[in-house]
Amino acid sequence: LFATLAPDIPVYINTLTFDFRGDLNEEILREAIADVTRKNRILRTYFPPARQDPRQVVSRAEKELRQELIDLSQLEPEAAEAEARRLIQADARETLDLCQEPPFRVRRLRLSDTRRILILSIHHILLDAKSEPLLGRRIAAGYRALIQGAEPPPADPVQYADYAAW
């Protein structure tokens, strides 16, 4: 993997941003993201160092996903917006260590009571560009279900590894 040869170069990293305006339950959003991660093995896959051939490991579904919350709501609106842009750009330049869990990064920015930005940085080995909208839809569906007191949608019966095996 290129990431092991040049760990300080942020290549093949997909940075997704979602801009939320209006009422948002941050705890429910956190749980919706965690639920999608639990239900999708590829999002829990990492590649520890190996002496021989590279190998992949899928972490336990129960393992808690770290989600960083950065509160910018104490700043003036223009300053919060500028800092959010800076953080998004900085996140896109930050590397991911595929040898460690979790294999991707979640940052939630709170700009105000009615404005939040979610930043997901995921290595291309875990999520390609065609799958990005699907991830966003799964998080949104989980959020809608949880906010209504229902169970989030079940995991897809066919996981990425199943598809790749075909």
Separation between [atom1] of [X] and [atom2] of [Y], rounded to the nearest 0.5 Å:
{"X": "His123", "Y": "Thr95", "atom1": "NE2", "atom2": "OG1", "answer": "9.5 Å"}
{"X": "Ile119", "Y": "Glu68", "atom1": "CD1", "atom2": "CD", "answer": "9.0 Å"}
{"X": "Arg108", "Y": "Leu69", "atom1": "CZ", "atom2": "CG", "answer": "5.0 Å"}
{"X": "Phe18", "Y": "Leu29", "atom1": "CZ", "atom2": "CG", "answer": "10.0 Å"}
{"X": "Leu120", "Y": "Thr17", "atom1": "CG", "atom2": "OG1", "answer": "9.0 Å"}
{"X": "Ser121", "Y": "Leu96", "atom1": "OG", "atom2": "CG", "answer": "6.0 Å"}

Salt-bridge criterion met for [X] and [Y] (N-O under 4.0 Å):
{"X": "Glu81", "Y": "Arg86", "answer": "no"}
{"X": "Asp19", "Y": "Arg116", "answer": "no"}
{"X": "Arg30", "Y": "Glu26", "answer": "no"}
{"X": "Asp91", "Y": "Arg93", "answer": "no"}
{"X": "Arg107", "Y": "Glu94", "answer": "yes"}

(Q) The test is side chain to side chain contact (heavy atoms under 4.5 Å, CB included); show your working for Ile13 and Phe104 and say whether it passes. (A) CA-CA 9 Å; Ile13 296 176; Phe104 66 96; over 6 Å; no
Q: May I ask whether Ile147 and Leu118 are part of the same hydrophobic cluster, defined by side-chain heavy atoms of I, L, V, M, F, W, Y residues being less than 4.5 angstrom apart, directly or through others?
A: yes
Q. Excluding sequence neighbours, so at least two apart, what forms side-chain contact (heavy atoms from CB on, under 4.5 Å) with Ala84?
A. Leu72, Leu109, Leu111, Ile117
**Q.** Counterpart residues, side-chain contact (heavy atoms from CB on, under 4.5 Å), relative to Ala141 (two or more places apart)
**A.** Arg144, Pro153
[Y] and [X], any side-chain heavy atoms less than 4.5 Å apart:
{"X": "Leu135", "Y": "Ile122", "answer": "yes"}
{"X": "Phe20", "Y": "Thr114", "answer": "no"}
{"X": "Tyr46", "Y": "Ser59", "answer": "yes"}

Residue pair [X] / [Y]: nearest heavy atoms and the distance that separates them:
{"X": "Asp35", "Y": "Pro152", "value": "OD2-CB, 3.2 Å"}
{"X": "Ala155", "Y": "Lys39", "value": "CB-O, 3.5 Å"}
{"X": "Thr37", "Y": "Arg44", "value": "O-NE, 3.1 Å"}
{"X": "Asp128", "Y": "Ser131", "value": "OD1-OG, 2.7 Å"}
{"X": "Ser73", "Y": "Asp71", "value": "OG-OD1, 2.5 Å"}
{"X": "Tyr143", "Y": "Ala32", "value": "N-CB, 3.6 Å"}

(Q) Let's go through Asn25 and Leu146 carefully: what are the C-alpha distance in whole Å and the side-chain angles of both, what is the deciding distance for side chain to side chain contact (heavy atoms under 4.5 Å, CB included) to 0.1 Å, and is it a yes or a no? (A) CA-CA 10 Å; Asn25 184 315; Leu146 290 167; over 6 Å; no
Q) Passes side chain to side chain contact (heavy atoms under 4.5 Å, CB included), Leu127 versus Leu16? Steps please. A) CA-CA 11 Å; Leu127 185 78; Leu16 306 143; 4.0 Å; yes
Q: Mind running salt bridge (charged side-chain N to carboxylate O under 4.0 Å, His left out) on Glu132 and Arg137 for me, showing each step along the way?
A: CA-CA 9 Å; Glu132 289 174 5; Arg137 287 194 299 272; over 6 Å; no
